[in-house]
A.B. asks: 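Provided herewith is a single structure, encoded as structure tokens, for subsequent inquiry.
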Amino acid sequence: METALLPSTFVHVFKNGEVAALFHSLKIKVAYIQKSHYNIITCFDTRSPVYLSSLDQDELELAQQLLELEMLVVPDTDEEKCLEDICYEYTGQPDIALMYLILTETCNLACKYCFIKNAFPENREAGMMTTSTVQAAVNLFAKHVHVCDEPQHKPSIIFYGGEPTINWQVFTEAVLYIEQKIQDGSLPSKTEMSMITNGTLLDVDKITFIRDHNVGLSISIDGLNENSDARVFAGGQFSVDRVIENYKITKEMMPVSVSCTVTPINVGNLRDVTQWLCENKVLSVGFNILMDVPSQPPVSDHLVRQISEELTRSFGVFRSHEIYEDRIGRKVRVFLNRPFTPMTVEATGDSL
């Protein structure tokens, strides 16, 4: 019987000019081959066997290398069993390292794409987190962080909303309580705190408290003018001028990051936003891709492709300015370090 090899189920092919990249999505391995190796490329394109008798000497050597990388497999390979083994290895004790505290579901903005407010049923009252709920959530988080502690993880608590600065008193009490838990050893000393805010309610006193208590700050900025801003106040007024003014005040007092949601409204202006952030020496950037919400048309495949192209381009610009961009940066880090990550689940405190 003629010897044949099969393309792995988990290998995907990406072509660019005369080079093809073979990516093994389960083993996180990559191989680059010339498109002139027609028989090998055809094997992956058509998901059909490659017969060794049809290969020249160079292709035989290449096939052997791909076999060692598990990109080509022998016909009786049980790849489903390989997947099951890896899942069994990685789905044991979860490593809990992140908690969101939703301080309030109330917001002073009425963003057109908001996936929180726009998903609320009619007549639902927005919740406000209490100090007792904060303490209970932090205590529970502390317990699981210690049980699941892994050397590489850094516990993180993120204050979120709604607009978290609306519940300012509970926020300050939460920060002090977390600091107390770090001091007495209930939380690891490397525990970090951060806040994501729309920036409209920041002032010097609030910024001072945030800075003095080492809370990382990320301000949401989607555009530089009303033509690219979907973040409006409840009355319909654009928020961009106030946000940028408060961003500049904050930047003079402490390092600040930016969170930017990419939508049909601002995707065409993303290059201007990227350039402005570089010129204003932002600490880091996190792009968020628009989610489907009940009140808006579904996100199209065309928009996803357009956003992907713009984010990839922006990542290169930020990298040239030594600014970390999280959305693409995480994918690049996984590609380089090649860890296997079957799932990521975020623990969230109840706001009611």
Side-chain angles (χ1 to χ4, degrees), residues 1-92 152 262 267 287 289 299-320 324-344:
M1 182 179 294
E2 188 172 4
T3 304
L5 297 176
L6 298 173
S8 168
T9 304
F10 302 106
V11 171
H12 306 273
V13 183
F14 302 90
K15 299 177 183 178
N16 187 1
E18 295 304 310
V19 177
L22 306 181
F23 178 65
H24 197 302
S25 59
L26 186 60
K27 301 291 185 177
I28 318 297
K29 296 177 181 178
V30 64
Y32 299 97
I33 65 175
Q34 295 292 325
K35 288 175 65 178
S36 57
H37 293 299
Y38 175 79
N39 290 314
I40 301 291
I41 294 293
T42 300
C43 159
F44 287 100
D45 280 343
T46 62
R47 317 307 297 183
S48 59
V50 57
Y51 295 96
L52 299 188
S53 61
S54 68
L55 305 181
D56 59 30
Q57 186 58 39
D58 286 344
E59 289 183 325
L60 280 172
E61 293 178 3
L62 175 59
Q64 179 59 40
Q65 293 171 345
L66 294 177
L67 183 63
E68 292 172 1
L69 290 171
E70 301 176 85
M71 294 185 174
L72 287 174
V73 297
V74 296
D76 61 350
T77 301
D78 187 351
E79 291 200 286
E80 288 299 321
K81 179 65 164 55
C82 295
L83 176 60
E84 290 174 5
D85 290 344
I86 289 180
C87 288
Y88 180 79
E89 178 182 354
Y90 283 91
T91 55
Q152 74 275 12
V262 188
V267 65
F287 284 119
I289 298 177
V299 179
S300 67
D301 291 342
H302 171 74
L303 178 60
V304 171
R305 286 193 295 271
Q306 184 183 8
I307 289 174
S308 299
E309 291 172 0
E310 290 298 326
L311 293 194
T312 302
R313 195 205 69 86
S314 292
F315 175 79
V317 175
F318 285 126
R319 186 176 182 183
S320 69
Y324 177 70
E325 191 286 304
D326 184 64
R327 175 66 58 176
I328 303 298
R330 275 182 288 164
K331 294 174 173 58
V332 171
R333 190 166 63 246
V334 168
F335 183 78
L336 294 176
N337 297 333
R338 301 179 183 178
F340 182 82
T341 307
M343 64 190 71
T344 300

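In this text the structure is predicted, and so the values were computed from the model without any measurement.
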A.B. asks: Does Tyr324, at its OH atom, have more than 12 non-hydrogen atoms belonging to other residues, nucleotides or ligands within less than 6.0 Å?
C.D. replies: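 Enclosed.
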A.B. asks: Can you list the steps and then say if Gln64 with Leu67 is a side-chain contact (heavy atoms from CB on, under 4.5 Å)?
C.D. replies: CA-CA 5 Å; Gln64 179 59 40; Leu67 183 63; 4.2 Å; yes
A.B. asks: Between the side chains of Lys81 and Asp85, is the shortest nitrogen-to-carboxylate-oxygen separation below 4.0 Å, so that they form an ion pair?
C.D. replies: yes
A.B. asks: Applying salt bridge (Lys or Arg N to Asp or Glu O under 4.0 Å) to Asp326 and Arg330, what does each step give before you reach the verdict?
C.D. replies: CA-CA 6 Å; Asp326 184 64; Arg330 275 182 288 164; 2.9 Å; yes
A.B. asks: Go through the steps for Phe10 and Leu83 under the test side-chain contact (heavy atoms from CB on, under 4.5 Å), then give the verdict.
C.D. replies: CA-CA 10 Å; Phe10 302 106; Leu83 176 60; 4.1 Å; yes
A.B. asks: How many angstroms lie between CZ in Phe44 and CG in Asn39, if you round to the nearest 0.5 Å?
C.D. replies: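 Between Phe44 CZ and Asn39 CG, I get 12.5 Å after rounding to 0.5 Å.
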A.B. asks: Could you pull out the closest heavy-atom pair between His24 and Leu69, with the gap in Å?
C.D. replies: CD2-O, 4.2 Å
A.B. asks: Between Ile328 and Phe318, does a side-chain contact (heavy atoms from CB on, under 4.5 Å) hold up when you go through it step by step?
C.D. replies: CA-CA 11 Å; Ile328 303 298; Phe318 285 126; over 6 Å; no
A.B. asks: Can you tell me how far CG of Leu22 sits from CZ of Phe14, rounded to the nearest 0.5 angstrom?
C.D. replies: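 Reported value, rounded in 0.5 Å steps: 10.0 Å.
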A.B. asks: About how many Å separate CD1 of Ile41 and CD of Glu59, when rounded to the nearest 0.5 Å?
C.D. replies: 9.5 Å
A.B. asks: So how far is it from Phe315 CZ to Ser320 OG, rounded to the nearest 0.5 Å?
C.D. replies: 10.5 Å
A.B. asks: Keeping to residues at least two apart or across chains, list the salt bridge (charged side-chain N to carboxylate O under 4.0 Å, His left out) pairs with something in residues 32-48.
C.D. replies: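 Non-adjacent pairs meeting salt bridge (charged side-chain N to carboxylate O under 4.0 Å, His left out): Lys15-Asp45.
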A.B. asks: With salt bridge (charged side-chain N to carboxylate O under 4.0 Å, His left out) as the rule and sequence neighbours excluded, what pairs involving residues 63-79 come up?
C.D. replies: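 Residue pairs with at least one partner in residues 63-79: Lys27-Glu70, Lys29-Glu70.
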A.B. asks: Considering only heavy atoms from C-beta outward, does the side chain of Leu72 approach that of Cys43 to under 4.5 Å?
C.D. replies: yes
